[in-house]
Amino acid sequence: MRLDALDHGHGFGSKLLFGIIRLASGHPVSPVIKVLRYHADFFGKQLQVVTQEAMRGRSEWSVGDRELMAAVVSKANDCTFCVAVHTGVAAKVYDDAAKVDAAMADHTSVAEPLRSVLLLLQKLGREHSVDAADMRRVLKAGATRAQIRDALAVAYAFGIMNRLANAFDFAIPGPGAVAAGAKYLAARGYG
Amino acid sequence: MADIERARQALEKRLLEGAASVPATLRRAAFEGRDPGPLWTRLLEKLSRNTHDVTDDDFRAVKAGASEDDVFEMVICAAAGQATRDYELALAALDAAENE
(Lines give C-alpha, C1' and ligand atoms only; values in the text may rest on other atoms or scores of the structure.)
Protein backbone atom coordinates (compact mmCIF):
# COMPACT_ATOMS: atom_id res chain seq x y z
CA MET A 1 0.00 0.00 0.00
CA ARG A 2 1.08 3.57 -0.53
CA LEU A 3 1.27 4.28 3.21
CA ASP A 4 3.74 2.07 5.07
CA ALA A 5 1.78 2.69 8.27
CA LEU A 6 -1.17 0.74 6.86
CA ASP A 7 1.02 -2.35 6.53
CA HIS A 8 3.26 -1.95 9.56
CA GLY A 9 1.94 0.75 11.87
CA HIS A 10 -0.78 -1.04 13.83
CA GLY A 11 -0.79 -1.63 17.55
CA PHE A 12 -0.12 -4.96 19.23
CA GLY A 13 -3.77 -6.03 19.35
CA SER A 14 -4.27 -5.53 15.63
CA LYS A 15 -1.01 -7.27 14.76
CA LEU A 16 -2.10 -10.23 16.86
CA LEU A 17 -5.46 -10.26 15.10
CA PHE A 18 -3.75 -10.15 11.70
CA GLY A 19 -1.63 -13.13 12.64
CA ILE A 20 -4.70 -15.10 13.65
CA ILE A 21 -6.47 -14.16 10.39
CA ARG A 22 -3.49 -15.28 8.33
CA LEU A 23 -3.29 -18.57 10.17
CA ALA A 24 -7.02 -19.27 10.10
CA SER A 25 -7.70 -18.24 6.51
CA GLY A 26 -4.43 -19.14 4.83
CA HIS A 27 -4.59 -15.79 3.03
CA PRO A 28 -3.06 -12.33 3.54
CA VAL A 29 -5.04 -9.93 5.70
CA SER A 30 -7.45 -7.86 3.61
CA PRO A 31 -6.26 -4.27 3.11
CA VAL A 32 -9.79 -3.20 4.08
CA ILE A 33 -9.22 -4.63 7.55
CA LYS A 34 -5.84 -2.93 7.75
CA VAL A 35 -7.39 0.46 6.95
CA LEU A 36 -10.31 -0.02 9.33
CA ARG A 37 -7.98 -1.05 12.17
CA TYR A 38 -5.54 1.84 11.69
CA HIS A 39 -6.45 4.59 14.16
CA ALA A 40 -9.84 2.88 14.27
CA ASP A 41 -11.33 5.49 16.57
CA PHE A 42 -10.76 8.13 13.89
CA PHE A 43 -12.52 6.32 11.06
CA GLY A 44 -12.79 2.54 10.97
CA LYS A 45 -15.18 1.96 13.86
CA GLN A 46 -17.77 4.39 12.54
CA LEU A 47 -17.49 3.25 8.93
CA GLN A 48 -18.07 -0.33 10.05
CA VAL A 49 -21.31 0.74 11.75
CA VAL A 50 -22.45 2.57 8.61
CA THR A 51 -21.56 -0.34 6.34
CA GLN A 52 -23.13 -3.00 8.53
CA GLU A 53 -26.41 -1.05 8.63
CA ALA A 54 -26.37 -0.36 4.88
CA MET A 55 -25.51 -3.94 3.91
CA ARG A 56 -27.16 -6.03 6.62
CA GLY A 57 -29.68 -3.72 8.30
CA ARG A 58 -33.41 -4.12 7.81
CA SER A 59 -34.31 -3.45 4.17
CA GLU A 60 -36.75 -4.36 1.43
CA TRP A 61 -33.68 -5.37 -0.59
CA SER A 62 -32.13 -8.77 -0.06
CA VAL A 63 -28.52 -9.09 1.08
CA GLY A 64 -27.65 -10.34 -2.39
CA ASP A 65 -29.27 -7.29 -4.01
CA ARG A 66 -27.24 -4.97 -1.80
CA GLU A 67 -24.01 -6.83 -2.53
CA LEU A 68 -24.79 -6.49 -6.24
CA MET A 69 -25.37 -2.76 -5.70
CA ALA A 70 -21.99 -2.54 -3.95
CA ALA A 71 -20.35 -4.21 -6.94
CA VAL A 72 -22.09 -1.84 -9.38
CA VAL A 73 -21.11 1.23 -7.35
CA SER A 74 -17.53 -0.08 -7.21
CA LYS A 75 -17.47 -0.55 -10.97
CA ALA A 76 -18.78 2.98 -11.50
CA ASN A 77 -15.99 4.23 -9.24
CA ASP A 78 -13.38 2.19 -11.15
CA CYS A 79 -12.47 0.19 -8.06
CA THR A 80 -11.19 -3.15 -9.32
CA PHE A 81 -10.50 -4.44 -5.81
CA CYS A 82 -14.06 -3.85 -4.57
CA VAL A 83 -15.66 -5.17 -7.76
CA ALA A 84 -13.76 -8.44 -7.31
CA VAL A 85 -14.76 -8.79 -3.67
CA HIS A 86 -18.43 -7.82 -3.94
CA THR A 87 -19.25 -9.70 -7.12
CA GLY A 88 -17.87 -12.64 -5.15
CA VAL A 89 -20.08 -11.93 -2.14
CA ALA A 90 -23.16 -11.39 -4.34
CA ALA A 91 -22.54 -14.66 -6.16
CA LYS A 92 -22.12 -16.45 -2.85
CA VAL A 93 -25.27 -14.99 -1.29
CA TYR A 94 -27.41 -15.46 -4.41
CA ASP A 95 -25.77 -18.85 -4.95
CA ASP A 96 -25.75 -17.86 -8.61
CA ALA A 97 -22.50 -16.57 -10.13
CA ALA A 98 -23.98 -16.52 -13.64
CA LYS A 99 -26.72 -14.14 -12.51
CA VAL A 100 -24.16 -11.75 -11.04
CA ASP A 101 -21.91 -11.95 -14.10
CA ALA A 102 -24.88 -11.17 -16.35
CA ALA A 103 -25.99 -8.27 -14.16
CA MET A 104 -22.49 -6.77 -14.09
CA ALA A 105 -22.09 -7.09 -17.85
CA ASP A 106 -25.50 -5.58 -18.57
CA HIS A 107 -27.65 -4.04 -15.84
CA THR A 108 -30.65 -4.14 -18.17
CA SER A 109 -30.69 -7.93 -17.75
CA VAL A 110 -31.92 -7.41 -14.17
CA ALA A 111 -35.62 -7.30 -13.27
CA GLU A 112 -37.25 -4.06 -12.14
CA PRO A 113 -37.08 -2.20 -9.86
CA LEU A 114 -33.51 -3.33 -9.12
CA ARG A 115 -32.55 -2.65 -12.73
CA SER A 116 -33.47 1.03 -12.51
CA VAL A 117 -31.78 1.36 -9.13
CA LEU A 118 -28.53 -0.10 -10.50
CA LEU A 119 -28.62 2.36 -13.40
CA LEU A 120 -29.19 5.21 -10.94
CA LEU A 121 -26.23 4.13 -8.80
CA GLN A 122 -24.07 3.80 -11.88
CA LYS A 123 -24.92 7.35 -12.95
CA LEU A 124 -24.34 8.75 -9.47
CA GLY A 125 -20.93 7.08 -9.27
CA ARG A 126 -19.79 8.08 -12.73
CA GLU A 127 -21.25 11.55 -13.01
CA HIS A 128 -21.77 12.65 -9.39
CA SER A 129 -25.07 13.98 -10.59
CA VAL A 130 -28.64 12.70 -10.47
CA ASP A 131 -31.79 14.79 -10.58
CA ALA A 132 -35.52 14.59 -9.95
CA ALA A 133 -36.13 13.14 -13.41
CA ASP A 134 -33.75 10.27 -12.64
CA MET A 135 -35.58 9.62 -9.38
CA ARG A 136 -38.98 9.72 -11.08
CA ARG A 137 -37.83 6.99 -13.46
CA VAL A 138 -36.79 4.78 -10.54
CA LEU A 139 -40.04 5.44 -8.66
CA LYS A 140 -42.04 4.72 -11.81
CA ALA A 141 -40.16 1.42 -12.20
CA GLY A 142 -41.62 0.36 -8.88
CA ALA A 143 -38.96 1.23 -6.31
CA THR A 144 -40.21 2.66 -3.03
CA ARG A 145 -38.70 5.70 -1.33
CA ALA A 146 -37.27 3.39 1.33
CA GLN A 147 -35.66 1.16 -1.30
CA ILE A 148 -34.04 4.16 -2.98
CA ARG A 149 -32.74 5.48 0.35
CA ASP A 150 -31.32 2.05 1.16
CA ALA A 151 -29.59 1.89 -2.21
CA LEU A 152 -28.10 5.34 -1.62
CA ALA A 153 -26.80 4.15 1.76
CA VAL A 154 -24.90 1.39 -0.05
CA ALA A 155 -23.55 3.97 -2.51
CA TYR A 156 -22.41 6.17 0.37
CA ALA A 157 -20.51 3.42 2.19
CA PHE A 158 -18.83 2.18 -0.97
CA GLY A 159 -18.23 5.66 -2.29
CA ILE A 160 -15.83 6.01 0.61
CA MET A 161 -14.18 2.60 0.50
CA ASN A 162 -13.78 2.58 -3.30
CA ARG A 163 -11.82 5.82 -3.09
CA LEU A 164 -9.63 4.52 -0.29
CA ALA A 165 -8.94 1.26 -2.15
CA ASN A 166 -7.77 3.14 -5.23
CA ALA A 167 -5.87 5.83 -3.34
CA PHE A 168 -4.04 3.46 -1.01
CA ASP A 169 -3.56 0.97 -3.86
CA PHE A 170 -5.13 -2.17 -2.42
CA ALA A 171 -3.63 -5.27 -4.02
CA ILE A 172 -6.16 -7.16 -6.12
CA PRO A 173 -6.91 -10.42 -4.29
CA GLY A 174 -6.46 -13.76 -6.01
CA PRO A 175 -9.40 -16.12 -6.56
CA GLY A 176 -8.74 -18.01 -3.31
CA ALA A 177 -8.68 -14.84 -1.23
CA VAL A 178 -11.83 -13.55 -2.96
CA ALA A 179 -13.63 -16.79 -2.17
CA ALA A 180 -12.49 -16.71 1.46
CA GLY A 181 -13.49 -13.07 1.82
CA ALA A 182 -16.86 -13.68 0.20
CA LYS A 183 -17.54 -16.60 2.51
CA TYR A 184 -16.67 -14.49 5.55
CA LEU A 185 -18.72 -11.44 4.52
CA ALA A 186 -21.70 -13.58 3.52
CA ALA A 187 -21.69 -15.28 6.92
CA ARG A 188 -20.53 -12.50 9.25
CA GLY A 189 -21.26 -9.18 7.57
CA TYR A 190 -19.36 -6.00 8.26
CA GLY A 191 -19.67 -5.47 12.00
CA MET B 1 -35.49 0.74 6.06
CA ALA B 2 -31.81 0.74 6.93
CA ASP B 3 -30.92 3.81 8.96
CA ILE B 4 -27.37 5.00 8.49
CA GLU B 5 -28.01 8.60 9.52
CA ARG B 6 -26.86 8.43 13.11
CA ALA B 7 -23.67 6.56 12.23
CA ARG B 8 -23.04 8.72 9.18
CA GLN B 9 -23.30 11.90 11.23
CA ALA B 10 -21.13 10.41 13.97
CA LEU B 11 -18.48 9.58 11.39
CA GLU B 12 -18.59 13.11 9.96
CA LYS B 13 -18.38 14.66 13.42
CA ARG B 14 -15.41 12.47 14.33
CA LEU B 15 -13.55 13.25 11.13
CA LEU B 16 -14.11 16.99 11.38
CA GLU B 17 -14.18 17.76 15.09
CA GLY B 18 -12.30 15.01 16.89
CA ALA B 19 -8.64 14.94 17.89
CA ALA B 20 -6.32 14.11 15.01
CA SER B 21 -2.90 14.75 13.55
CA VAL B 22 -4.12 17.31 10.98
CA PRO B 23 -5.67 20.63 12.13
CA ALA B 24 -9.46 20.67 11.90
CA THR B 25 -9.49 23.51 9.36
CA LEU B 26 -7.50 21.43 6.87
CA ARG B 27 -9.63 18.33 7.47
CA ARG B 28 -12.76 20.34 6.86
CA ALA B 29 -11.35 21.80 3.65
CA ALA B 30 -10.53 18.30 2.38
CA PHE B 31 -13.97 17.03 3.36
CA GLU B 32 -15.77 19.94 1.67
CA GLY B 33 -13.76 19.65 -1.55
CA ARG B 34 -11.96 22.96 -1.03
CA ASP B 35 -8.23 23.29 -1.61
CA PRO B 36 -6.38 22.90 1.72
CA GLY B 37 -3.16 24.22 0.18
CA PRO B 38 -0.73 23.46 -2.63
CA LEU B 39 0.75 20.38 -0.95
CA TRP B 40 -2.62 18.64 -1.18
CA THR B 41 -4.17 20.05 -4.35
CA ARG B 42 -3.26 17.33 -6.85
CA LEU B 43 -4.00 14.31 -4.65
CA LEU B 44 -7.27 15.63 -3.28
CA GLU B 45 -8.58 16.65 -6.69
CA LYS B 46 -8.10 13.06 -7.80
CA LEU B 47 -9.78 11.77 -4.65
CA SER B 48 -12.90 13.74 -5.42
CA ARG B 49 -13.22 12.38 -8.95
CA ASN B 50 -10.86 9.97 -10.67
CA THR B 51 -9.29 7.99 -7.85
CA HIS B 52 -8.18 5.32 -10.31
CA ASP B 53 -5.58 7.85 -11.54
CA VAL B 54 -3.91 8.33 -8.14
CA THR B 55 -0.23 7.41 -8.46
CA ASP B 56 2.75 6.57 -6.28
CA ASP B 57 4.15 9.98 -7.26
CA ASP B 58 1.07 11.72 -5.85
CA PHE B 59 1.73 10.05 -2.51
CA ARG B 60 5.47 10.73 -2.62
CA ALA B 61 4.70 14.41 -3.17
CA VAL B 62 2.44 14.78 -0.13
CA LYS B 63 4.68 12.60 2.07
CA ALA B 64 7.53 15.03 1.34
CA GLY B 65 5.66 17.64 3.38
CA ALA B 66 3.37 15.69 5.70
CA SER B 67 3.45 12.65 7.96
CA GLU B 68 1.80 9.38 7.01
CA ASP B 69 -0.86 10.01 9.64
CA ASP B 70 -1.56 13.40 8.06
CA VAL B 71 -1.95 11.79 4.66
CA PHE B 72 -4.18 9.04 6.06
CA GLU B 73 -6.51 11.57 7.64
CA MET B 74 -6.68 13.90 4.66
CA VAL B 75 -7.35 11.06 2.21
CA ILE B 76 -10.16 9.76 4.40
CA CYS B 77 -11.70 13.20 4.83
CA ALA B 78 -11.62 13.82 1.08
CA ALA B 79 -13.13 10.41 0.31
CA ALA B 80 -15.87 10.76 2.91
CA GLY B 81 -16.61 14.29 1.78
CA GLN B 82 -17.19 13.34 -1.87
CA ALA B 83 -19.36 10.38 -0.84
CA THR B 84 -21.36 12.73 1.37
CA ARG B 85 -21.91 15.26 -1.42
CA ASP B 86 -23.12 12.52 -3.77
CA TYR B 87 -25.41 11.08 -1.09
CA GLU B 88 -26.96 14.41 -0.13
CA LEU B 89 -27.40 15.43 -3.76
CA ALA B 90 -29.25 12.18 -4.48
CA LEU B 91 -31.49 12.52 -1.42
CA ALA B 92 -32.38 16.07 -2.48
CA ALA B 93 -33.27 14.78 -5.95
CA LEU B 94 -35.50 12.13 -4.38
CA ASP B 95 -37.26 14.77 -2.28
CA ALA B 96 -37.71 16.96 -5.34
CA ALA B 97 -39.21 14.08 -7.34
CA GLU B 98 -41.70 13.30 -4.61
CA ASN B 99 -42.69 16.93 -4.04
CA GLU B 100 -43.46 17.75 -7.67
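Proteins come first, then strands; the chains are lettered A, B, ... in the order of their sequence lines, and each starts at number 1.
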### Transitive ILVMFWY side-chain link A:Tyr184 to A:Leu17, under 4.5 Å
no
### Query
If Ile, Leu, Val, Met, Phe, Trp and Tyr residues are connected whenever their side-chain heavy atoms lie under 4.5 Å apart, and connections chain through other members, are A:Val178 and A:Met104 in the same group?
no
### Query
Does the side chain of A:His128 come within less than 4.5 Å of B:Leu89's, by heavy atoms?
no
### Query
Can you check whether B:Leu91 reaches A:Leu152 side chain to side chain, under 4.5 Å on heavy atoms?
yes
### Query
Which bit of A:Phe158 is near chain B, if near means a heavy-atom gap under 4.5 Å: side chain, backbone, both or neither?
neither
### Query
Do the ring planes of A:Phe43 and B:Phe72 sit parallel (below 30°), tilted (30 to 60°) or perpendicular (above 60°)?
perpendicular
### Query
So which heavy atom on B:Ala7 is nearest to which on A:Gln46, and how close?
O-OE1, 3.7 Å
### Heavy atoms of other groups near B:Arg6 CZ, more than 12 under 6.0 Å
no
### Query
Checking A:Arg2 side chain against B:Val54 main chain: does a donor-acceptor pair fall under 3.5 Å?
yes
### Query
Which bit of A:Glu127 comes within less than 4.5 Å of chain B, counting heavy atoms only: side chain, backbone, both or neither?
backbone
### Single-linkage hydrophobic cluster A:Leu36~A:Met1, side-chain heavy atoms < 4.5 angstrom
yes
#### Entry: Most contacts with chain A, counted as non-hydrogen pairs under 4.5 angstrom, among B:Asp58, B:Asp69, B:Val71
B:Asp69
### Task
Flag the pair B:Ile76 / A:Phe42 as yes when at least one side-chain heavy-atom distance between them is below 4.5 Å, and no otherwise.
yes
#### Entry: Within one Ile-Leu-Val-Met-Phe-Trp-Tyr cluster: A:Tyr38 and A:Ile20, side-chain cutoff 4.5 Å
no
### Query
Does any heavy atom of chain B fall under 4.5 Å from the side chain of A:Ser129, the backbone, both, or neither of them?
backbone
### Query
Counting only heavy atoms not in A:Lys140, do more than 12 fall under 6.0 Å of its NZ?
no
### Task
Side chain from CB out, backbone as N, CA, C, O: work out which of these in A:Val35 comes under 4.5 Å of a heavy atom of chain B, or both, or neither.
both
## Note on the structure
Residues A:Ala167 and B:Val75: closest non-hydrogen pair is CB-CG1, 4.1 Å
### Task
Taking all heavy atoms of B:Ala83 and all of A:Gly159, pick out the closest pair and write down the distance.
CB-C, 4.0 Å
### Message
Less than 4.5 Å to any heavy atom of chain B: does that hold for the side chain of A:Ala5, its backbone, both, or neither?
### Response
both
### Query
Are A:Val29 and A:Leu164 in one and the same hydrophobic cluster, where Ile, Leu, Val, Met, Phe, Trp and Tyr link if side-chain heavy atoms are under 4.5 Å apart?
no
### Task
Heavy-atom pairs under 4.5 Å with chain A are the metric here; pick the option from B:Gln82, B:Glu5, B:His52, B:Glu68 that has the most.
B:Glu68
### Query
Around A:Lys92, counting heavy atoms of other residues, nucleotides and ligands shown, do more than 12 lie under 6.0 Å from its NZ?
no
### Query
In terms of heavy-atom pairs under 4.5 Å with chain A, which of B:Arg49, B:Lys46, B:Arg85 leads?
B:Arg49
### Message
Report which part of B:Ala20 has an atom under 4.5 Å of a heavy atom belonging to chain A: side chain, backbone, both, or neither.
### Response
side chain
### Query
Which bit of B:Ser48 is near chain A, if near means a heavy-atom gap under 4.5 Å: side chain, backbone, both or neither?
backbone
### Message
Please give me the minimum heavy-atom distance between B:Ala97 and A:Ala132, naming the atom from each residue.
### Response
CB-O, 3.6 Å
### Query
Is the backbone N or O of B:Leu47 less than 3.5 Å from a side-chain atom of A:Arg163, with the two atoms forming a donor-acceptor pair by type?
yes
### Summary
Heaviest contributor of heavy-atom pairs below 4.5 Å to chain B, chosen from A:Leu120, A:Leu139, A:Asn77, A:Asn166, is A:Asn166
### Task
Evaluate whether atom NZ of B:Lys63 has more than 12 neighbouring non-hydrogen atoms of other residues, nucleotides or ligands under 6.0 angstrom away.
yes
### Query
Does the distance from a Lys or Arg side-chain N to an Asp or Glu carboxylate O, for A:Asp41 and B:Arg14, drop under 4.0 Å?
yes
### Flag side-chain contact, heavy atom, 4.5 Å: B:Leu11 against A:Ile160
yes
### Message
Measuring from atom CG of A:Leu3 to atom CG of B:Asp70, what distance do you get when rounded to the nearest 0.5 angstrom?
### Response
10.5 Å
### Message
Atom CG of residue position A:Asp106 - does it have more than 12 heavy atoms of other residues, nucleotides or ligands inside 6.0 Å?
### Response
yes
### Query
Can you check side chain to side chain contact (heavy atoms under 4.5 Å, CB included) on B:Thr84 and A:Tyr156, steps first, answer last?
CA-CA 7 Å; B:Thr84 299; A:Tyr156 170 77; 3.5 Å; yes
#### Entry: Residue selection (most heavy-atom pairs with chain B, distance under 4.5 Å) from A:Arg56, A:Arg126, A:Arg145, A:Gln52
A:Arg145
### Message
Rounded to the nearest 0.5 Å, what separates atom CG in B:Asp53 from atom CG in A:Asp78?
### Response
8.0 Å
### Query
Between the side chain of A:Glu53 and the main-chain N/O of B:Asp3, is any donor-acceptor distance below 3.5 Å?
yes
